[in-house]
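Each residue takes its place number in the sequence, starting with 1.
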Amino acid sequence: MPLQAEQQTAIPRQRAEAPTGSPDQRWTRARTWTRAWMISVVPALAMLVVGRFRLQQPTLGWDENATWIASQRTPGQIVDLARHFDGVISPYYLFMHLWTAVFGDSEFALRAPSLLAVATAVGVAAELGRRLFGPGVGLLAGLLLVAVPQLSRYAQDARAYGLAFCCATLATLLLHRALARPSWGRWAGYAAAITLAGWAHILTLLVLAAHAYAVWSRSAGQHDRLRTARRWLIAAAAALLPVLPFVYLGLTQRGEQLDWIRPMDAEQVWSAPGDIFGSAAVGLLLIGLAFAAHATDRRAVRELAVLATVPPVLLIAVSFVTSSLWVPRYVLFVIPAVALLAALALRGLWMRAALALVVLAAVGVPAQTEVRGPVSHMGADFRTIAGVVKRHQQPGDVIVYGREGTWSLRAGIDYQLRDQPKPRDVLLREPAAEVGELDAVECDEPARCLGTAPRVWFFRQWQSDEPLSSAGDLTDTLHTNYRVVRVWKATKATLVLLKHR
């Protein structure tokens with residue numbers, strides 16, 4: 001062999017024989033570690049950018065007003081509220097109380113935790129794909145998730161759904177780590193993630209049904225299966241103990257909190273894929289790709305299929321036999337499983353994978369635009385209504401609210417005009433925070449409390465030909481003693497300015 005060739009072959013041999021901890025080995029490990037992290041970081045950053053785009057465009061919605069109300073209360077007042085209403089998400093309210101104390105209560109600040117949580121979850125899902133199927137599948141799955149409109153929607157929502165999605169996805173990753181290399185430390189990390197998921201939203205605990213199957217699937221022999229199952233049961237039981245008080249609150253408050261949910265029917269089953277993904281085209285495209293997934297290790301494919309299907313099927317089935325619990329955002333955590341299977345179907349087919357990603361992003365554009373609309377977060381167009389009041393109010397003005405959704409109407413005005421002059425809330429007697437409710441206590445005799453105010457702003461939900469509908473006990477007084485000066489109509493809202501005759 002020529003000398004030059006001998007020298008060339010000697011170099012790798014010397015590196016291979018280098019002692020552990022040598023600079024070459026440390027450099028190799030650093031490169032490997034960096035590549036592995038980039039699989040998660042790239043999709044997470046992409047989700048952060050997409051989720052941040054027009055994050056402040058939608059006005060705070062109905063439920064987001066409740067988040068703001070609760071975040072401004074003391075911890076004791078939040079606990080008091082939990083006894084009467086929204087007990088299941090009181091941990092989230094406590095977290096938001098601390099968050100807003102540090103970062104303020106702007107729309108961006110209120111929604112930032114959800115944005116960070118969803119971006120983190122996308123990165124975690126990519127890491128799960130890397131561990132199960134390799135870096136290519138993990139990266140593609142993460143990028144597919146970025147294109148899902150529903151994730152953008154709840155990355156921009158000041159509610160707990162983004163945090164629940166993150167904790168459930170993290171729990172799935174930690175479960176696979178614990179199953180691959182069992183230790184009580186890893187099981188403790190898994191249990192902590194499950195507890196956080198339950199604190200964010202108790203129905204996120206449906207993920208445990210899929211985790212139970214994964215535990216059974218990953219255990220090779222009968223002895224291993226029993227030992228692994230025992231460890232998982234201990235971890236799951238420990239995780240559920242801190243959540244049980246909120247489960248109890250949820251059961252006792254169910255009738256009051258969930259009476260708005262539409263009864264379950266076949267139409268909702270048919271539309272479930274589109275409702276979960278925020279776009280029927282996006283959902284069907286990903287589900288169609290997922291059906292083509294194949295791998296040497298069929299266990300992982302079956303486990304992801306169970307994770308993608310069992311939680312929503314359970315929730316739908318329960319909703320048919322009892323009062324409905326079916327709300328698609330409650331099962332956001334199934335989306336990564338579908339994306340991972342879709343990415344697996346395209347493994348090694350890089351041109352097709354790139355084309356699928358482009359098509360998915362393109363068909364999702366209408367839904368992505370819609371979720372960033374000014375009133376896409378449910379509820380009235382509070383920003384527009386508050387802007388009208390701000391421009392046209394005069395000293396001595398008072399404001400009264402319609403009888404439907406009064407708490408949210410009041411919260412919407414209070415939020416949009418916080419730290420600014422606003423008409424006096426003439427019917428308010430006890431603030432909601434002092435009575436442990438979302439609704440404040442109002443005057444027993446509205447006409448007497450209204451008195452002879454020179455100008456009255458009347459704000460109610462919805463629109464109709466009768467501007468003063470939903471005025472309740474004030475209807476006759478407003479008709480008799482006041483004349484309508486002007487009416488403004490916005491999405492799901494009517495604002496009336498009246499002047500004393």
Check: Phe277 and Ile287 side chains under 4.5 Å, non-hydrogen atoms: yes
When you check the side-chain N and O atoms of Ser114 and Arg159, is any donor under 3.5 Å from an acceptor? no
Using 30° and 60° as the class limits, which term best fits the ring planes of Tyr415 and Trp68: parallel, tilted or perpendicular? perpendicular
If only side-chain N and O atoms count, and only distance matters, is there a donor-acceptor pair under 3.5 Å linking Lys492 with Gln461? no
Show every ring pair (Phe, Tyr, Trp, His ring centres under 6.0 Å) that has at least one partner inside residues 439-477, sequence neighbours left out. Trp457-Trp488
Check the pair Asp414, Lys422 against side chain to side chain contact (heavy atoms under 4.5 Å, CB included), reporting the backbone distance first and the verdict last. CA-CA 8 Å; Asp414 286 347; Lys422 57 178 178 283; 3.4 Å; yes
Just so I know, are the side chains of His377 and Arg153 near enough to count as touching, which here means a heavy-atom distance under 4.5 Å? yes
Tyr154 ring center near Tyr161 ring center (under 6.0 Å): yes
Specify the closest pair of heavy atoms between Arg111 and Thr59, including all atoms of both residues, with the distance to one decimal. NH2-O, 3.4 Å
Once you round to the nearest 0.5 Å, how far does CE of Met47 lie from CG of Leu116? 11.5 Å
Does the pair Asp397 and Arg424 meet the rule for a salt bridge (Lys or Arg N to Asp or Glu O under 4.0 Å), with working shown? CA-CA 7 Å; Asp397 284 3; Arg424 182 166 61 93; over 6 Å; no
At what distance, to the nearest 0.5 angstrom, does CD of Glu434 lie from CG of Asp80? 11.0 Å
Thinking salt bridges, do Arg418 and Asp105 make one under a 4.0 Å N-O criterion? yes
What are the two closest heavy atoms between Ala342 and Leu144, and how far apart are they? CB-CD1, 4.1 Å
Measure across Ala125 and Pro336 and return the closest heavy-atom pair with its distance rounded to 0.1 Å. CB-CB, 3.9 Å
As an exercise, state the distance from OG of Ser408 to CG of Asp439, rounded to the nearest 0.5 Å. 10.0 Å
